[in-house]
Trainee: 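I'd like to ask some things about the structure below.
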Amino acid sequence: MPEADPRGAIRARAEELGFDAVRFARAHLPDSAAEGLGNFIAAGRHGTMDWLSHNADRRGRPDVLWPDARSVIVLGVNYGPPENPLDALERRDSGTISVYARGDDYHDVIKSKLKSLARFIVDKFSADVKVFVDTAPVMEKPLAQQAGLGWQGKHTNLVSRTFGSWLFIGSIFTTLELEADDRETDHCGTCRRCLGICPTAAFPEPYRIDARRCISYLTIEHKGHIAREFRTAMGNRIYGCDDCLAVCPWNSFASTAREARLQARAELVSPSLADLSLLDDAEFRALFRKSPVKRIGRDRFVRNVLIAIGNSADVNLAEHPRRLLSDPSPLVRAMAVWALGRLLDQSDFEALRDEYLPVELDADVRKEWSHGAAEAQSL
């Protein structure tokens with residue numbers, strides 16, 4: 001006999017597995033979703049994230065991605081922090097890692113839960129399923145809005161009336177016909193806090209982001225040298241940026257929601273910049289085992305750490321970039337030079353320049369020595 005209430009059974013099992021929000025949508029998105037993605041890519045605002053342009057025709061159209069799908073189960077996991085993450089920005093000798101990356105990689109954690117729920121659906125309802133978390137060509141935020149989980153705020157992230165801006169999203173596509181929930185409407189009103197707080201002015205207008213200016217993009221996705229115009233604004237943000245999420249007024253309601261499922265690792269909350277700058281590859285891999293931070297590699301991570309040291313205004317930290325002036329990575333050497341240009345007086349900086357510049361072969365690092373002299377001269 002068929003299940004009288006498949007939605008209820010799926011919801012109950014999802015909550016048992018640790019999902020905080022469970023909603024249902026048709027396997028369809030309005031044309032505006034694909035059009036918005038197309039405009040974003042055409043304007044080049046995705047930067048070097050070429051994976052966004054790959055399969056763009058399928059990304060914006062679930063019915064093209066999997067024509068047999070009839071319904072999408074959209075699930076959320078609360079990762080709201082117990083404290084205001086912006087407080088960490090005042091501790092300039094420490095690094096700030098985005099809240100979502102302070103624990104185990106959410107892709108792995110959520111995917112295992114999704115697979116368990118998918119097996120339940122297959123066994124109970126004999127339906128076909130496909131599981132997606134973030135890395136697949138699925139526009140999960142528009143789908144989440146269609147399912148009533150939340151809405152895309154002016155910062156382009158999902159906002160929930162229950163969990164604020166702190167939800168991981170996963171989805172299960174299925175051939176099962178499920179009644180869709182009502183679409184959520186926009187509740188941002190006239191608020192512009194998320195736009196105004198952005199350190200690098202990454203929002204050209206509400207509901208539009210230029211990833212090329214976003215600190216999350218720069219510290220995570222960008223593989224090369226970070227442009228000088230953004231370095232000071234980065235402060236001590238060494239992996240991601242939570243500013244636009246943290247100021248959302250809807251976060252106040254998250255305090256009454258269920259406690260966050262994914263807990264931060266103590267060593268990743270305000271870690272010492274001095275200690276992080278000295279990580280070699282093996283130490284980096286060990287510290288960030290199971291963490292999403294591990295994916296950017298030691299060199300890019302230390303690049304970010306050195307920018308934070310340069311922004312610390314703490315001359316006592318200068319010994320750490322000094323040790324990295326002969327590092328094998330040009331990314332690291334360049335930012336070591338930049339940091340020293342910010343921390344040392346002119347004579348000390350020029351003494352180091354006279355020692356290291358004659359043996360420096362990388363053009364970008366040599367440019368940093370030239371720019372750094374001007375930085376030191378202005379101190």
Trainee: Going by an N to O cut-off under 4.0 Å, is there a salt bridge joining Asp327 and Arg298?
Mentor: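 Salt bridge: yes.
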Trainee: What is the minimum heavy-atom distance between Phe173 and Ala69, and which atoms define it?
Mentor: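 It is CD2-CB, 4.0 Å.
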Trainee: Return yes if some donor-acceptor pair links the side-chain N/O of Arg92 with the main-chain N/O of Asn236 below 3.5 Å, else return no.
Mentor: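 Not at all, since once roles are kept as given, no pair shorter than 3.5 Å links the two residues.
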Trainee: Let's go through Phe301 and Leu276 carefully: what are the C-alpha distance in whole Å and the side-chain angles of both, what is the deciding distance for side chain to side chain contact (heavy atoms under 4.5 Å, CB included) to 0.1 Å, and is it a yes or a no?
Mentor: CA-CA 9 Å; Phe301 181 74; Leu276 294 176; 4.0 Å; yes
Trainee: Is the ring pair His187/Trp151 parallel, tilted or perpendicular, if the boundaries are 30 and 60 degrees?
Mentor: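 Correct class here is perpendicular.
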Trainee: Quick one: NZ on Lys141 to CG on Leu149, what's the gap to the nearest 0.5 Å?
Mentor: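 The CG atom of Leu149 is 13.0 Å from NZ of Lys141, to the nearest 0.5 Å.
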Trainee: Report yes if the side chains of Tyr239 and Pro292 come closer than 4.5 Å at any heavy-atom pair, otherwise no.
Mentor: yes
Trainee: Of all the heavy-atom pairs spanning Ala9 and Phe125, show the shortest one and how long it is.
Mentor: CB-CZ, 4.1 Å
Trainee: Would you compute the distance between atom CD1 of Ile172 and atom CD1 of Ile121 and round it to the nearest 0.5 angstrom?
Mentor: 4.5 Å
Trainee: Under 6.0 Å between ring centres: does that hold for Tyr100 and Tyr79?
Mentor: no
Trainee: Identify which one of Ile215, Leu89, Val99 satisfies the side-chain contact (heavy atoms from CB on, under 4.5 Å) criterion when paired with Asp242.
Mentor: Val99
Trainee: So how far is it from Asp104 CG to Arg265 CZ, rounded to the nearest 0.5 Å?
Mentor: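 Reported to 0.5 Å precision, the distance equals 6.5 Å.
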Trainee: Provide the closest heavy-atom pair for Gly150 versus Glu184 in the form atom of the first, atom of the second, distance.
Mentor: O-CB, 3.2 Å
Trainee: Tell me, with the steps shown, if Leu143 and Ile169 meet side chain to side chain contact (heavy atoms under 4.5 Å, CB included).
Mentor: CA-CA 10 Å; Leu143 272 174; Ile169 309 170; over 6 Å; no
Trainee: Please check this pair: side chain of Arg333 against backbone of Pro328, looking for a donor-acceptor N/O pair closer than 3.5 Å.
Mentor: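 The answer is yes, because a donor-acceptor pair under 3.5 Å joins these two groups.
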Trainee: With rounding to the nearest 0.5 Å, note down the distance linking OG in Ser291 to CZ in Arg295.
Mentor: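 Between atom OG of Ser291 and atom CZ of Arg295 there are 8.0 Å.
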Trainee: Is it the case that over 12 heavy atoms from other parts of the model lie below 6.0 angstrom from the NZ atom of Lys294?
Mentor: yes
Trainee: Taking the side chain as everything from C-beta on, heavy atoms only, tell me whether Glu140 gets closer than 4.5 Å to Phe132.
Mentor: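 Glu140 reaches Phe132 side chain to side chain.
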Trainee: Taking atom CZ of Arg13 as the centre, report whether more than 12 heavy atoms of other residues, nucleotides or ligands fall under 6.0 Å from it.
Mentor: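 Yes, because the 6.0 Å sphere around CZ of Arg13 holds more than 12 heavy atoms from other groups.
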Trainee: Can any side-chain N or O of Lys115 pair as donor or acceptor with the backbone N or O of Val131 at less than 3.5 Å?
Mentor: no
Trainee: Should Val305 and Val269 be counted in the same cluster of Ile, Leu, Val, Met, Phe, Trp and Tyr side chains packed under 4.5 Å apart?
Mentor: no
Trainee: If we only count heavy atoms from C-beta on, is the Ile97 to Phe288 side-chain gap below 4.5 Å?
Mentor: yes
Trainee: Please check if the number of heavy atoms outside Asp123 that lie under 6.0 Å from its CG is greater than 12.
Mentor: yes
Trainee: Quick check: Trp250 with Phe163 (ring centres under 6.0 Å apart)?
Mentor: no
Trainee: Establish whether Phe284 and Leu268 are linked, either directly or via other cluster members, by ILVMFWY side-chain heavy-atom contacts under 4.5 Å.
Mentor: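 Looking at the clustering, Leu268 is in the same group as Phe284.
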Trainee: Compare all side-chain heavy atoms of Ser312 with those of Leu343 and state whether any distance is below 4.5 angstrom.
Mentor: yes
Trainee: For Asn304 and Thr219, indicate whether the former's side chain and the latter's backbone hold a donor-acceptor pair under 3.5 Å.
Mentor: yes
Trainee: Do Arg322 and Glu319 meet the salt-bridge criterion of a basic N to acidic O distance under 4.0 Å?
Mentor: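 Judged by the 4.0 Å cut-off on N to carboxylate O distance, Glu319 and Arg322 do not form a salt bridge.
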Trainee: Whether Asp281 and Arg285 form a salt bridge (side-chain N of Lys/Arg under 4.0 Å from carboxylate O of Asp/Glu) is what I want to check.
Mentor: yes
Trainee: Restricting to salt bridge (charged side-chain N to carboxylate O under 4.0 Å, His left out), what partner residues turn up for Arg26, sequence neighbours left out?
Mentor: none
Trainee: Would you mind checking if Arg11 and Glu15 are paired as a salt bridge, meaning a charged N to carboxylate O distance below 4.0 Å?
Mentor: no
Trainee: I'd like to check the salt bridge (charged side-chain N to carboxylate O under 4.0 Å, His left out) partners of Asp181; sequence neighbours left out, ordered by chain and number.
Mentor: Arg7, Arg23
Trainee: Of all the heavy-atom pairs spanning Ser171 and Val72, show the shortest one and how long it is.
Mentor: CB-CG1, 3.9 Å
Trainee: Is the shortest heavy-atom distance from the side chain of Trp338 to the side chain of His371 under 4.5 Å?
Mentor: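 Contact flag for Trp338/His371 side chains = no.
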Trainee: With a 4.5 Å cut-off on side-chain heavy atoms, are Ser165 and His155 touching?
Mentor: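 Heavy-atom side-chain distance check passes, below 4.5 Å.
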Trainee: Please report the shortest heavy-atom distance between Ser277 and Leu324, naming the atom on each side.
Mentor: O-CD1, 3.5 Å
Trainee: Nearest 0.5 Å, please: how far is CD1 in Ile307 from CD1 in Ile226?
Mentor: 4.0 Å
Trainee: Using only atom types and a distance under 3.5 Å, with no angle test, would you say the side chain of Glu283 pairs donor to acceptor with the backbone of Asp280?
Mentor: yes
Trainee: Output all residues satisfying side-chain hydrogen bond (donor to acceptor under 3.5 Å, both in side chains) with Ser71, sequence neighbours left out; order by chain, then residue number.
Mentor: none
Trainee: Do Glu368 and Arg303 meet the salt-bridge criterion of a basic N to acidic O distance under 4.0 Å?
Mentor: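 Glu368 and Arg303: not salt-bridged.
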Trainee: Can you check whether Phe19 reaches Val77 side chain to side chain, under 4.5 Å on heavy atoms?
Mentor: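 With C-beta onward as the side chain, the pair touches.
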Trainee: Test your reading of the model: is there a side-chain donor-acceptor pair from Thr174 to the backbone of Asp128, 3.5 Å cut-off?
Mentor: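 Present.
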Trainee: Is it the case that the side chain of Asp182 and the backbone of Gly148 share a donor-acceptor pair, with hydrogens and angles ignored and the cut-off at 3.5 Å?
Mentor: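 Not confirmed, Asp182 side chain does not pair with Gly148 backbone.
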Trainee: One pair to check against side chain to side chain contact (heavy atoms under 4.5 Å, CB included): Ile296 and His222. What are the steps and the verdict?
Mentor: CA-CA 9 Å; Ile296 71 170; His222 186 63; over 6 Å; no
Trainee: Might you work through the side chain to side chain contact (heavy atoms under 4.5 Å, CB included) test for Val247 and Leu86, ending with a clear yes or no?
Mentor: CA-CA 9 Å; Val247 297; Leu86 299 185; 3.8 Å; yes
Trainee: Are Tyr356 and Leu331 linked, directly or through intermediate hydrophobic residues, by side-chain heavy-atom contacts shorter than 4.5 Å (ILVMFWY only)?
Mentor: no
Trainee: Any donor and acceptor pair, going by atom type alone, linking the side chain of Asp299 with main-chain N or O of Val332 inside 3.5 Å?
Mentor: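 No.
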Trainee: Transitively linked via ILVMFWY side-chain contacts under 4.5 Å: Leu278 with Leu340?
Mentor: no
Trainee: Can any side-chain N or O of Lys113 pair as donor or acceptor with the backbone N or O of Leu17 at less than 3.5 Å?
Mentor: yes
Trainee: Quick check: is Leu176 connected to Leu117 through a chain of hydrophobic side chains (ILVMFWY, heavy atoms under 4.5 Å apart)?
Mentor: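 In one cluster with Leu117: Leu176, yes.
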Trainee: Strictly distance-based, threshold 3.5 Å: is any side-chain N or O of Arg323 a donor or acceptor partner for the main-chain N or O of His320?
Mentor: no
Trainee: Are Val293 and Leu287 close enough that some pair of their side-chain heavy atoms sits under 4.5 Å apart?
Mentor: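 A side-chain contact under 4.5 Å is absent here.
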Trainee: What is the minimum heavy-atom distance between Lys154 and Cys194, and which atoms define it?
Mentor: CB-SG, 3.8 Å
Trainee: Quick one: OG on Ser270 to CD on Glu90, what's the gap to the nearest 0.5 Å?
Mentor: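 CD of Glu90 is found 11.0 Å from OG of Ser270.
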Trainee: Do Asn311 and Arg231 have a side chain donor and acceptor closer than 3.5 Å?
Mentor: no
